[in-house]
Amino acid sequence: DQQVKQNSPSLSVQEGRISILNCDYTNSMFDYFLWYKKYPAEGPTFLISISSIKDKNEDGRFTVFLNKSAKHLSLHIVPSQPGDSAVYFCAASQGGSEKLVFGKGTKLTVNP
Amino acid sequence: DAGITQSPRHKVTETGTPVTLRCHQTENHRYMYWYRQDPGHGLRLIHYSYGVKDTDKGEVSDGYSVSRSKTEDFLLTLESATSSQTSVYFCAISESGRGSGYTFGSGTRLTVV
């Protein structure tokens with residue numbers, strides 16, 4: 001039973017437009033959420049995180065929104081750039097645990 | 001880059017043979033993890049460690065064992081490799097406490113033939 005779900009395996013957007021990547025979770029005990037980006041032949045790298053006490057966190061072009069009632073979070077990238085083309089993983093943890101549960105990932109392609 | 005290296009980067013092995021993958025860190029982080037990445041499954045936790053000689057199982061631990069005799073090294077052993085263990089294996093490290101996130105190694109691509 002997958003606790004963190006990324007239902008869109010892929011997303012394609014035009015350079016300069018907004019990219020919105022979605023993530024749903026089923027475990028209501030999750031209280032910390034992260035996004036990782038992964039390029040081919042490299043390990044994932046941390047992008048941005050959000051605690052459940054917040055509903056938004058922003059870092060430059062990247063913003064993560066959390067809707068606890070819907071158990072949904074989203075990553076917005078504005079404006080999208082070709083270098084953003086990668087696989088994006090959503091991850092969650094609960095109760096101070098250092099263990100992260102990852103989604104299956106969404107492959108983002110930003111077209112010039 | 002954080003000091004985390006995985007070896008080997010690529011390996012082909014035969015079914016039934018034991019295989020050991022190594023993760024080495026120079027960051028003195030307490031926590032170390034082994035994940036595998038497979039198409040359609042994302043990243044799944046195999047085993048993790050919260051200190052020297054302290055390890056625990058993840059969600060896909062069957063057929064794998066780990067050891068951590070020093071802070072800097074975390075070894076993953078496939079006791080008798082099977083084709084279903086063909087995957088890309090990632091090691092990660094993290095500091096204690098929330099908010100740190102993980103730092104991942106570059107991965108080991110293992111093929112079992």
Side-chain angles (χ1 to χ4, degrees), chain A residues 1-10 21-27 29-54 57 59 62 64 75 86-107, chain B residues 1-10 21 23-25 27 29-51 54-61 74 87-109:
Chain A
D1 182 30
Q2 200 171 20
Q3 299 184 72
V4 178
K5 301 177 183 179
Q6 295 178 257
N7 293 318
S8 298
S10 63
L21 295 95
N22 294 303
C23 178
D24 297 297
Y25 61 97
T26 58
N27 187 344
M29 300 301 291
F30 285 147
D31 60 359
Y32 193 70
F33 306 88
L34 307 91
W35 285 93
Y36 284 81
K37 178 169 72 174
K38 184 185 180 305
Y39 293 119
E42 296 182 11
T45 56
F46 170 72
L47 189 58
I48 193 169
S49 63
I50 188 167
S51 165
S52 60
I53 62 173
K54 295 185 174 181
N57 190 27
D59 184 2
F62 302 91
V64 57
L75 175 68
V87 176
Y88 289 78
F89 290 99
C90 173
S93 70
Q94 67 179 71
S97 170
E98 279 288 339
K99 285 198 297 180
L100 294 181
V101 178
F102 286 84
K104 294 182 179 181
T106 297
K107 182 177 181 180
Chain B
D1 279 350
I4 176 171
T5 55
Q6 292 183 232
S7 59
R9 290 297 311 275
H10 302 272
L21 309 183
C23 178
H24 178 78
Q25 63 146 329
E27 302 297 315
H29 285 353
R30 176 181 176 188
Y31 296 88
M32 299 186 76
Y33 310 82
W34 278 106
Y35 280 84
R36 59 180 288 177
Q37 184 195 8
D38 303 287
H41 290 279
L43 291 159
R44 293 181 293 174
L45 181 65
I46 305 171
H47 281 279
Y48 66 103
S49 170
Y50 43 94
D54 290 326
T55 63
D56 206 348
K57 295 179 179 180
E59 62 178 301
V60 290
S61 60
F74 192 32
S87 186
V88 180
Y89 292 85
F90 288 101
C91 176
I93 60 174
S94 73
E95 297 176 294
S96 59
R98 301 298 300 285
S100 56
Y102 290 178
T103 301
F104 281 87
S106 298
T108 294
R109 181 173 293 277

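First the proteins, then the strands, lettered A, B, ... as listed; each starts at 1. Keep in mind it's a predicted model, so treat the numbers as computed, not measured.
- With a threshold of 4.5 angstrom between heavy atoms, B:L45 approaches chain A through side-chain atoms but not through N, CA, C or O.
- The two atoms that bring B:Y102 and A:Y36 nearest to each other are N-OH, 2.6 Å, heavy atoms only.
- For a residue to count as touching a neighbouring chain, one of its non-hydrogen atoms must lie under 4.5 Å from one of that chain's; by this rule A:A91 does not touch chain B.
- Under the side-chain hydrogen bond (donor to acceptor under 3.5 Å, both in side chains) criterion, B:D54 pairs with no residue at all, not counting sequence neighbours.
- For chain A, the nearby part of B:Y35 is the side chain; its heavy atoms alone come within less than 4.5 Å.
- For B:Q37, the part lying under 4.5 angstrom from a heavy atom of chain A is the side chain only.
- Going from atom OH of B:Y31 over to atom NZ of A:K99 covers 11.5 Å, rounded to the nearest 0.5 Å.
- Each of A:P9, A:S51, A:P44, A:G105 has some count of heavy-atom pairs under 4.5 Å with chain B, and the biggest count is that of A:P44.
- For B:R9, the part sitting under 4.5 Å from any heavy atom of chain A is the side chain, from C-beta outward, and nothing else.
- For A:K38, the part lying under 4.5 angstrom from a heavy atom of chain B is the side chain only.
- The number of heavy-atom neighbours closer than 6.0 Å to CZ of B:R109, taken from other residues, nucleotides and ligands shown, is 12 or below.
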